[in-house]
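Counting begins at 1 with the first residue of the sequence. For clarity, every value in this text was computed on a predicted model and none was experimentally measured.
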Amino acid sequence: MPNDAPGMTFARRQNYAYTEQEHFLENEKYNELADTFVVGSDQLWNPYIGRINDDLFLNFTADDKKRIAYGTSIGNFSRPKFSSEHFGEDFEQVERQNLSRFDWVSMRESDGISYFKENLDIDAPQVVDPVFLIDPKEYWKLADEATINFEEEYMLAFILDPDEDKKRNIEAVADKLGFNKIVVFTDANGPRINYARSIFNSERYEVIDDIRPENFLYAYKNAEYVVTDSFHGSCFSYIAQKPFSVFYNTIRGANRFASLMTLFKLGDTRRIYPENTAEDINANINVSKVIDFTDGNANLKIEREKSYNWLEKALSVDKATDKILPGATMKRNFDNLKSVKLSLRNVLLTNKFVFYRQGQHGETLRQDVGFNADGTLSGTNPINEKSWKLEENRLIFYGESNQETTVWDNLNEGYRADDFRIVGEFIPNKAVHHVLESVPAAIKRDNSNPDFYKTKILLSRLKAYGIKHVVMAPGGRDVVLVRAFENHRDFFDIHYVIDERSAGYYALGLANKTKEPVVIMVTSGTAVSNLAPAVTEAYYMDLPLIVITADRYPEFHEIGEDQTIEQANIFEPMIKKSVNLPVTKEGRTDWYTNRLISEAILEARHNGTGPIHINLSFDILPNMAPIHASYELPRMKHVLRVTKQDSLARWEDYVQTLLKTRKILLVYGQDYKPTNTQKSNIEKFASRYNVVILADWLSNIQGDKVVYPFNTLQRMTQRQFNEKLLPDIVLSVGGKNVMNHPINFKLRGAPMSVRHWRIAADGKFKDLFFHLTSILETNPDWFFEYFSNKAENHINDEQYLNSWKEEVKKYPATIHENYNNHYATQQLMEKMPEGSLFHIGVGSAFMLTHSENTVPGKDLEVFLNMGTNGIDGSASAYMGQVAADTSERLKFLLIGDVSFFYDMNSLWNKKLKKNIRIMMVNNSGSQLLRHYEAKGSAAPHNTVAEGWVKSLGFDYIASHDKEGFDEGLKRFTSNDEGPIFFEVFL
């Protein structure tokens, strides 16, 4: 917590005695100050929250100290495993051990009590939140010290997560109850205050900047009514005995509010919903200044007394002898310490170090130096480095004769472990300087070289795919690769062949005899050219050579640089696949590197075997080798491919995995309308696995397991998605979904635990969501039939499905009344007859048909040129579909003006059927690109389609206002003979 945080400044103003804040590693010192440690209350044990840490489980307390948890909460956490994507795999094991040390545990919510009993075997009584243990008079004394003052009557809005929906309802409450002024408090940080100010931006609002407890209490004491989305906002409404309305904050855990309202004996009477309208608020009899606190006060008095007695007893009894147990710390916390500034002594005692001569080449001198508390050194040569001593800002190494050997002067008081590097003088030879560097700092330095890191990604993939044999003809440019392979001799079988041409054939022989992929690795220049004969032979012998070549960075090509030729694609066409790895280090570089390598290696054995080529560029060739600890290979997504040629046992593994999975999201991309047989198999599959089918208009699929969550996903935060809707496995079938569908971005932002299985007959490596783990190379029809037949006795429990449906209900499309693009699109979709053909033009049309969709699941056959999203052929494609469709049903095209005029010849010289219906929205330019405020992109114009389409034989309708549009739409969607062209001017 920053020292200027409201809690800290409040403590100083009230002259509280408190210790200075320390990093949790330093918390052990508090064992000297206290015999009893108490932790509580608000969501301190909720694994969904990333800042939850070992210290909140009191891991730092000595074994014999008493530990008490008062009113702790796990918020909305409900997973069977007590962990989440925020933590490593050891979280549950570590915190179970820490929880077992507590002498006394109580919890705030009944949900948490049940969870701890069922999953952690801990019995905990329920107590009230600690804010209720204090006499309210103490709060109002503090309110008298406030720095704010309001003369007129006001309603208080304490909103932690403001948005437009809550604003609309707050204003509806204020209007209903007659409040002109609304005072706003929000979370105590600058960005959140600024965001609240951007939401609550009219004159009736006063957003408070000085968020201190005294002001908060003043606002409650003097408010006439409160609207809040905060748990403690609800608590203080009750403490102040103020009538209130509350949004159950689903982001932070709605169950907490339900438990609190049970305590107050209010049930759901004070609850309002973000999706409420002003009419809903006006009709809600509980949005009123009248509230009966009688039953709640009586119940709160009883529960407060019970809670106080529990805490008093927990504090007074002796330490339980069976709770004298050691604490535990997660591995990730040891890793995180690397970036925290600690005292020099603490850094020395808690880390390992490398020790080498400045300017050294090759291997570092010592790579596992340890500083022992007794003053001795480990991992060193005792002749010169036997012991150590820290004298103020001076570190000294002593040899076996107790003579000073290396001295580091003018050191700082504190250091970060991941940035610790000091240079000292070697006393016997002052021309020599020794470097002492922490292992974390050395690893950080080594991994800062992007070429080294992508090399490790390459080795991790080779290892994951079981490729052991490595033939190398080492040179200079490939030294990073050579060192990496040599540091993993425990897995790789290395063969050295100095002649590149011979090395290529040697590798070919290995591959031929072992029937396994074999790596052949060479340096840059003509070394690569010398592999051409062996690669060509491998191509025609169908042998899986993995050709790895070291290259120079692109900027050194074609300028006369030494040993530099054009190596990328050098073996074409006698190669199954060639990839050139990226040279930059950006946010997605590691994912892209992993993707390219995995795709190439998989291709070596896909639809027959053959050679593949991976070209890596190297810029920096460090003289000093990375330390051994730096060669730990990164964990990357591992992608497998299963085909119909594989045994059914492999497919059965996938069946069993799906049957055990609780949350399966089937992203159904663009596809044809399914036949009755296809639809039946899809429905059987969805009814037997815990599946939710996510669709849009392009999917052409309907059903009770199908959701259309375009608006929901647009409005949800990533955190909300992760907490409420995160899938365990994503299945994808069909083509692309609509451009910029928010599911793509939500899944890309999901944690690494998410797995994606792509189901497609082409077997291509398409990692749209950045989580690809399996390619199921089969026709989706076979997949649905086979997998549904394998699960005849299983039923979708619909828990995951209901979670999606609940969220989708919260975010319906806005109903538009004004004449604009949104209104026209919405009305057309509503009025189109079921069963119609509907072609959506590329442009704003495809966005609006999804964001303004009030008829999800309507039975239409939908087409859209979504392959590359070009505006140039929508009308022509539509006319082709009309020509091929011999039915009498209506056939609609919704298209923008720029797209239509670009493709207006699509209508010329064609047979115009009477059931053609074209609606062109004329915005006098590109609506989709207008926000860029670039004239060229917006393509402004004054063109109308009337003359052209009339000359072709269309019945022409135009609208310039809502009345004209509504009238024209009636005929446009009727069975009147056409063809009809409807130009909508906006």
Side-chain angles (χ1 to χ4, degrees), residues 5-7 42-44 46 48-52 73-77 84 86 109 129 155-174 182-202 205-209 211 216 219-220 223 225-237 244-261 268 270-277 281 709 711-726 742 746 749 803 806-811:
D42 194 29
Q43 300 203 67
L44 295 187
N46 184 351
Y48 282 143
I49 300 174
R51 62 179 178 272
I52 301 304
S73 169
I74 60 170
N76 58 348
F77 187 78
S84 74
H86 293 299
E109 282 97 37
D129 191 276
M155 184 179 85
L156 172 64
F158 178 36
I159 304 295
L160 295 178
D161 299 293
D163 59 32
E164 292 292 342
D165 287 337
K166 290 177 184 175
K167 174 186 177 182
R168 183 183 67 252
N169 282 284
I170 289 167
E171 291 180 351
V173 172
I182 304 172
V183 173
V184 177
F185 268 80
T186 189
D187 218 346
N189 65 73
R192 179 60 65 177
I193 294 170
N194 290 335
Y195 180 68
R197 195 177 296 283
S198 72
I199 296 288
F200 304 112
N201 53 10
S202 68
Y205 292 104
E206 182 168 346
V207 180
I208 303 302
D209 291 317
I211 299 183
F216 174 85
Y220 267 90
Y225 197 90
V226 178
V227 178
T228 185
D229 68 350
S230 160
F231 174 89
H232 284 105
S234 303
C235 291
F236 277 96
S237 298
F244 68 99
S245 296
V246 56
F247 301 103
Y248 287 14
N249 195 322
T250 55
I251 298 175
R252 299 167 186 255
N255 63 314
R256 301 183 304 141
F257 293 84
S259 181
L260 186 64
M261 296 305 138
D268 273 346
R270 311 311 297 182
R271 184 175 188 179
I272 58 175
Y273 298 82
E275 58 266 28
N276 282 157
T277 63
I281 296 297
N711 286 326
T712 301
L713 294 172
Q714 274 198 323
R715 296 174 69 177
M716 290 185 89
T717 65
Q718 185 68 52
R719 178 180 169 185
Q720 287 174 308
F721 176 79
N722 288 354
E723 290 182 359
K724 298 179 179 182
L725 302 178
L726 185 72
K746 290 295 188 289
S803 295
E806 181 181 335
E807 294 304 314
V808 169
K809 284 181 183 177
K810 295 178 182 178
Y811 305 100

Could you tell me whether the side chain of Thr186 and the main chain of Ile193 form a donor-acceptor pair under 3.5 Å? no
Could you label the plane-to-plane angle of the Tyr205 and Phe200 rings as parallel, tilted or perpendicular, counting under 30° as parallel and over 60° as perpendicular?
-> tilted
Is the shortest heavy-atom distance from the side chain of Tyr225 to the side chain of Ser245 under 4.5 Å? yes
Find out whether Phe231 and Asp129 are in side-chain contact, i.e. whether some heavy atom of one side chain is under 4.5 Å from a heavy atom of the other. yes
Taking the side chain as C-beta and beyond, is there a heavy-atom pair between Asn169 and Val227 under 4.5 Å?
no
CD1 (Ile199) and CZ (Arg168) are apart, to the nearest 0.5 Å, by 12.0 Å
TODO: Find out whether His232 and Phe216 are in side-chain contact, i.e. whether some heavy atom of one side chain is under 4.5 Å from a heavy atom of the other.
DONE: no
Is there a side-chain contact between Asn46 and Ser73 in this structure, where contact means two heavy atoms from C-beta onward sitting under 4.5 Å apart? no
Separation between CG (Leu260) and CZ (Arg270), nearest 0.5 Å, reads 13.0 Å
Taken to the nearest 0.5 Å, the spacing of Ile49 CD1 from Ile74 CD1 works out to 11.0 Å
Does the salt bridge (charged side-chain N to carboxylate O under 4.0 Å, His left out) test come out yes or no for Glu806 and Lys809, once each step is laid out?
CA-CA 5 Å; Glu806 181 181 335; Lys809 284 181 183 177; over 6 Å; no
CD1 of Ile182 to NZ of Lys167, rounded to nearest 0.5 Å, is 9.5 Å
d(Gln720 CD, Lys810 NZ) to nearest 0.5 Å is 8.0 Å
Heavy-atom nearest pair, Gln43 first then Gly75, reads OE1-CA, 3.4 Å
Has Asn249 got a side-chain atom pairing as donor or acceptor with Asp229's backbone, closer than 3.5 angstrom? yes
Heavy-atom closest pair (Ala219 atom, Phe185 atom, distance to 0.1 Å) is CB-CE1, 3.6 Å
Any chance you could lay out the side-chain contact (heavy atoms from CB on, under 4.5 Å) test for Arg192 and Asp161, step after step, and finish with the verdict? CA-CA 8 Å; Arg192 179 60 65 177; Asp161 299 293; 4.0 Å; yes
* Asked: Are any non-hydrogen side-chain atoms of Phe247 and Ile272 less than 4.5 angstrom apart?
  -> yes
Here the gap from Phe158 atom CZ to Phe244 atom CZ, rounded to the nearest 0.5 Å, amounts to 14.0 Å
Nearest heavy-atom contact between Pro274 and Asp165 is O-CB, 3.3 Å
Closest non-hydrogen contact found for Ile170 with Ala157 is CD1-CB, 4.1 Å
Heavy-atom nearest pair, Gly749 first then Asn722, reads O-ND2, 4.2 Å
Sub-3.5 Å donor-acceptor pair from the side chain of Lys746 to the main-chain atoms of Met716, do we have one? yes
**Message:** Using the rule given for salt bridge (charged side-chain N to carboxylate O under 4.0 Å, His left out), can you reason through Asp163 versus Arg715, listing the C-alpha separation, both sets of side-chain angles and the distance that settles it, and then say yes or no?
**Reply:** CA-CA 10 Å; Asp163 59 32; Arg715 296 174 69 177; over 6 Å; no
Shortest non-hydrogen pair, Leu156 vs Ala223, comes out as CB-CB, 3.8 Å
